[in-house]
Protein chains: 2
Amino acid sequence: MAGVSAGTVDRILHSRGNVSEAKRQAVEAVLNKVGYKFNIHTSAVSLKRGYHFIVTTPLAGEGEYWASVSAGIHEALEEYSDIQILPDYFPYDQFDEKSCRSVFDTISKQEADGVIIGPTFRKETLALCRKLDKKGIPYVFVDADIEGAHPVASYTVDQHSCGAFLGRMLMAGLHEGKTILLFRSERRSEERSSNTLAREKGLMDFLQEQGLGNQLVQAIVPQTEDAEEIILDALNRHPDVQYAIVLNSRGHVIASAIKQGQLTGKIQLIGFDLTRKNVECLLDGSIAALLCQRPQLQGFSAIRRLISWLLYHSKEKNERHFLPIDLVVKENLPYYREVIRG
Amino acid sequence: MAGVSAGTVDRILHSRGNVSEAKRQAVEAVLNKVGYKFNIHTSAVSLKRGYHFIVTTPLAGEGEYWASVSAGIHEALEEYSDIQILPDYFPYDQFDEKSCRSVFDTISKQEADGVIIGPTFRKETLALCRKLDKKGIPYVFVDADIEGAHPVASYTVDQHSCGAFLGRMLMAGLHEGKTILLFRSERRSEERSSNTLAREKGLMDFLQEQGLGNQLVQAIVPQTEDAEEIILDALNRHPDVQYAIVLNSRGHVIASAIKQGQLTGKIQLIGFDLTRKNVECLLDGSIAALLCQRPQLQGFSAIRRLISWLLYHSKEKNERHFLPIDLVVKENLPYYREVIRG
DNA sequence: CATATTTTTGTGTTCGTGCACAAAAGCAAT
DNA sequence: ATTGCTTTTGTGCACGAACACAAAAATATG
């Protein structure tokens, strides 16, 4: 080292103050010259403290979308196992505003070093974020971004592009005089997830642009017991349908109706997300293709970002990361299982 | 700790011997109980040595396939910058066996702690691997695997599935009475890359299976100056062509012929690999879609694996990792740029 | 039994980092 | 110049890991 003691260097690196200007410059010059790089891992060792992370997302059963986010979180904790992190899961019901509110309420009373939020309800999420901002607790969004909040980062997918991507796939395969049947859930517009809405807009915009707008028809999928019957009915009412599409991860519901009606192969079903049920349908041919986000990468990245936020000194906020959109069919499916980095 | 000194634990962890059976068992019991996890980063600090890695792949210009592999290697070195690694690049000419032989010869004379090989020529690669085996130097394959060698791991793509994937995409979009035109390079079969051959087989098998075998015609792309003319000629000779396909990364060559002949939009061109030139064609519409491997992930994973091989104690060989195959079109392209983990 | 040899075990130092505390230097008031 | 206070700087220890070396215990040889 050039001139001073380790203590002084430490004060400079952490900007703890009480350092003379002369020495500061001298040390910084040396740091630059030798290309000093902060070592996050030895730092973690030396800090010898643990971190408490809160993860709040819609509740997910095994094999569902949010379970993959958790899997990514788990992988990151494994990868960074030299940094002691205690994750605490606070799932909420994505169809119940009240559940969300009460869970977020509990969270805002917790002590935490970082929070990962998979947001659904805008108002509730903003309220939580305000409280976290006030406490100075960093948070990261996965799957969706909420405007007006100030997360350290967000890891999402551009759903509008996602819809356009679907549009292109449909356009590429659509035959003369054939139509596309869009299945949508029964819920009112305000109640549908913002992701689904954005996908729909992306799709519609694309089809309009390409002059295919009038080749799309719609059908409603009810939440009731007789859904299958109603789906089959819709399919039969539209004999020209070549493509059936679903903009959320419930494509397998349509798939079972298709299997029921022995329409497999006649109708190409395209859905979203590599959930276990969808994968099964992809394998048996009742779903032709799935558009996928990378939920695991979202979870992985979120943890990674919180760690670097807490341990690094540079603190710039509001990064927006858009992750890739993948197209998965039977042939490339085996290689999409749980891959973050090979 | 329970009973013994740090030195003894150290001897046990490294199986350095000279430890009494009684203490060994006692210590191992404690390690299990407290869930001991080796910390690779502090280990690297205290080892205070650097590692010398050799990277040998076909020579790549900026924006080409192998440049992405290097980018992934670079990212890994950045991520693991607390472990001192000196990479040494030894590119060879992928179309010249002799160049490869002489480069591999040089490599086998070098001192190295690990080697990353992007293989092309089977015989030359096997010769190199034998020498490395003898010296006990670990090596990893990227992009392609060579049978008979004993790499620590390989990070490749299942090219047969890749061809089948392409087949499915073609089948989904092919109209009645239309054909597929496959452009292939002039080289003799033995000289074509094994990846390209495997893709071709995967594609052919799929089309046969689906009864579409007779809808595929072929044309040769020469390496000469008048390639464009010949390509255009082939396209004009086959007025029924809906899809043009190229199984290597030279799709942009066909694309410029298509632009020249003002056939953009009339003929759907599908190629391989997100090289800079191909990306440009994707953006201007002359290429409809690209099937992509994840060269960056290959490079990243290779470095990562060599590090864990050198620093961890468990040493199992011959892992084969098959990475995903992605479909990229204009709409999802922006999100595929240089993503390893967001 | 004493000594030599081998095997087993413990200690001390190192790395990069964080932090508490001690030491030194600077400066003002007496 | 001495005292007291603040600002600046240095020292020592900790963390988990690696390794050289010293110390102690066990065993062999005379």
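Residue numbers begin at 1 in each chain, while the letters A, B, ... track the order of the sequences.
Residues B:Lys48 and B:Val19 each lie close to DNA chain C; by heavy-atom proximity, the contact nearer the 5' end of the strand is made by B:Val19.
Comparing atom distances between the B:Phe38 side chain and each of C:dG18, D:dA17, D:dT9 picks out D:dA17 as nearest. Proximity note for A:Thr42 (side chain, C-beta onward) versus D:dA18, C:dT7, C:dG16: the nearest is C:dG16.
When the shell of 6.0 Å around CD of B:Gln25 is examined, it contains more than 12 heavy atoms from other residues, nucleotides or ligands.
Between B:Asp82 atom CG and D:dC15 atom P the separation is 21 Å, expressed in whole Å. A straight line from NE2 of A:His41 to P of D:dA14 spans 25 Å, rounded to a whole angstrom. The separation between B:Arg49 atom CZ and C:dT14 atom C1' is 16 Å, rounded to whole Å.
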Exercise for review: Between protein and nucleotides 19-28 of chain D, map the contacts as a letter string: B base, S sugar-phosphate only, - none, heavy atoms under 4.0 Å, written 5' to 3'.
Suggested key: B---------
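The main-chain N or O of B:Pro91 is never found under 3.5 Å from a side-chain atom of B:Thr56 such that the two would form a donor-acceptor pair. Judged by distance alone, with hydrogens and angles left aside, the side-chain atoms of B:His52 form a donor-acceptor pair with the main-chain N or O of B:Glu111 at under 3.5 Å.
You'll find the side chain of A:Ser43 reaches within 4.5 Å of the side chain of A:Leu47, heavy atoms only. Residues A:Tyr155 and A:Arg294 fail the side-chain proximity criterion, which asks for heavy atoms closer than 4.5 Å.
A side chain to side chain donor-acceptor pair (under 3.5 Å) with B:Tyr92 holds for exactly one of B:Thr120, B:Thr57, B:Thr106; it is B:Thr120.
Contact between the side-chain N/O atoms of A:Tyr312 and the OP1/OP2 oxygens of C:dT17 is not found at any separation under 4.0 Å. One finds no side-chain N or O of A:Asn18 lying less than 4.0 angstrom from the OP1 or OP2 phosphate oxygen of D:dT7. Within the structure, every side-chain polar atom (N or O) of B:Ser20 is placed at least 4.0 Å from both OP1 and OP2 of C:dT7. Of the side-chain N and O atoms in B:Ser43, one or more sit less than 4.0 angstrom from OP1 or OP2 of D:dA18.
For the salt bridge (charged side-chain N to carboxylate O under 4.0 Å, His left out) test, residues two or more places apart in sequence or in another chain that qualify with B:Arg276 are B:Glu62, B:Glu280.
As judged by a 4.0 angstrom heavy-atom cut-off over every strand, B:Asn39 is placed among residues touching the sugar-phosphate backbone only.
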